[in-house]
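Here's the structure, in structure tokens; my notes come after.
Keep in mind that this is a model prediction, so the values were computed, not measured. In each ligand, atom 1 is the first atom listed, and ligand 1 is the first ligand listed.
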Amino acid sequence: MKQFISAQDAPNINALVSKALDYKANPFKDKTLGVNKRIGLLFFNPSMRTRLSTQIAAQNLGMECIVFNVGSEGWNLEFDDDAMMNGLTVEHIKDAAPILGNYFDILCIRTFPSLKDRSEDYSEKYINQLIKYSGIPVVSLESATLHPLQSLTDIATIKETFLEKRKPRIVLSWAPHIKPLPQCVANSFSQWVTQWGEADFIIAHPEGYDLDPMYTQGATIINNHETALQNADYVYVKNWSSYTDYGKIKSYDNDWMITKEKLHRAKDAKIMHCLPVRRNLELGGDVLDSKNSLTTLQGTNRIYAAQAVLSEILQPSI
Ligand code: CP
């Protein structure tokens with residue numbers, strides 16, 4: 001594996017999930033694989049789970065890990081190739097990235113979208129420029145459009161908990177929010193579940209929240225929440241802002257919040273959310289506190305998904 005920025009970098013999802021779950025059973029089995037190797041985590045935006053789980057994953061493999069909060073501590077970087085830098089940016093990624101490439105064996109980067117310019121966000125300029133100019137493997141810690149480590153974790157969590165000999169019915173359920181949020185987690189979950197191909201996959205959202213069709217091919221899209229939730233085995237709750245009316249909030253409809261009452265047609269459904277979550281806005285506290293909530297398991301499994309990916313970059317086996 002030369003990079004990990006999308007499901008397309010994981011041609012065998014089941015093998016990668018198995019690898020993650022093997023690491024969960026025995027986290028230190030490859031504790032010398034990364035000895036004398038160094039990983040850099042570059043954060044342009046905040047994080048708790050991604051930052052800590054990736055650090056732990058790297059340490060479990062024996063790697064040295066350095067975190068750099070570029071967004072708050074670094075020089076303001078320019079990413080446009082032909083920019084005349086007479087504004088706020090003081091250093092070009094062309095000049096900085098080759099040095100980072102010499103400092104590290106693997107680079108990881110988190111960059112959120114602006115939610116102002118769709119074509120710029122969806123061009124993934126930041127991560128692609130880092131790949132182009134660093135010359136070493138790059139792992140996405142969530143980019144403008146995708147969050148692959150989260151999605152690998154989510155499929156691993158579903159595989160770990162679904163014990164029946166049939167396909168699970170998985171519903172990605174849009175949730176209300178007071179702020180416009182990226183489409184990354186929803187795009188990415190859709191991309192991974194459809195590529196995985198071992199689930200009946202439904203995306204439920206109000207009118208105006210269609211995701212980029214590039215990620216939803218193979219999913220059933222339903223605008224009626226009650227219909228979508230019926231007999232769900234998993235309900236993945238997430239807000240995203242509009243893709244078509246880019247970055248806008250089209251609805252504050254509280255009826256789309258998942259509560260215990262809302263789940264009367266899917267009483268045993270397992271509830272997922274990548275976190276952080278706004279309680280009683282996106283997702284009812286009654287549901288988050290119930291035994292069916294998988295959010296702690298998801299957060300825990302972030303370590304082993306990251307460990308599987310770093311291991312594949314250090315020594316491919318899949
Ligand atoms: N789910 C997730 O990416 O969490 P953080 O933003 O805390 O990293």
Side-chain angles (χ1 to χ4, degrees), residues 4-7 9-10 17 20 24 39-59 65-73 106-115 121 124 126-127 138-158 160 170 172-175 177-193 215 234-241 258 270-279 281-283 287-288 293-310:
F4 186 75
I5 62 172
S6 146
D9 297 314
V17 164
K24 184 169 186 176
I39 185 169
L41 312 189
L42 309 180
F43 284 90
F44 286 81
N45 303 99
S47 166
M48 183 183 92
R49 279 148 289 270
T50 307
R51 172 177 172 150
L52 296 174
S53 63
T54 309
Q55 274 185 277
I56 295 167
Q59 284 165 6
C65 181
I66 295 178
V67 176
F68 181 25
N69 295 309
V70 190
S72 57
E73 296 166 355
I106 301 175
L107 273 171
C108 306
I109 179 171
R110 167 168 281 204
T111 54
F112 287 166
S114 67
L115 293 180
D121 287 346
E124 291 285 12
Y126 297 95
I127 202 160
V138 169
V139 173
S140 168
L141 300 176
E142 188 171 351
S143 65
T145 64
L146 294 170
H147 196 352
L149 283 175
Q150 181 67 52
S151 307
L152 172 59
T153 302
D154 296 334
I155 295 194
T157 305
I158 290 167
E160 187 183 13
I170 301 173
L172 171 61
S173 181
W174 180 89
H177 206 285
I178 51 162
K179 289 176 70 179
L181 297 191
Q183 293 104 35
C184 310
V185 171
N187 282 344
S188 194
F189 188 68
S190 303
Q191 186 195 39
W192 280 75
V193 174
Y215 301 120
Y234 293 85
V235 179
Y236 197 110
V237 181
K238 187 73 187 83
N239 169 267
W240 62 90
S241 60
I258 296 285
K270 300 275 192 286
I271 305 302
M272 302 179 75
H273 190 292
C274 60
L275 303 182
V277 64
R278 287 183 184 239
R279 282 176 171 248
L281 175 70
E282 288 177 79
L283 185 49
V287 178
L288 276 164
S293 170
L294 297 183
T295 56
T296 304
L297 191 60
Q298 286 172 270
T300 307
N301 285 345
R302 290 294 305 268
I303 296 172
Y304 309 108
Q307 197 167 338
V309 168
L310 299 183

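Partners of Lys238 according to the salt bridge (charged side-chain N to carboxylate O under 4.0 Å, His left out) rule, which considers only residues two or more places apart in sequence or in another chain, do not exist here. A search for ring-ring contact (aromatic ring centres under 6.0 Å, His included) contacts involving Phe4 returns Trp192, not counting sequence neighbours. Under the salt bridge (charged side-chain N to carboxylate O under 4.0 Å, His left out) criterion, Glu282 pairs with no residue, sequence neighbours left out.
At distances below 3.5 Å, not a single donor-acceptor pair connects side-chain atoms of Asp121 with backbone N or O atoms of Ala144.
Using a 4.5 Å heavy-atom cutoff, the side chains of Trp240 and Leu181 are not in contact.
Ring centroid separation for the pair Tyr236 and Phe189 comes in under the 6.0 Å cut-off.
Residues lining ligand 1 at a heavy-atom distance below 4.0 Å are given as Ser47, Met48, Arg49, Thr50, Arg110, His147, Gln150, Cys274, Leu275, Arg302, ordered by chain and residue number.
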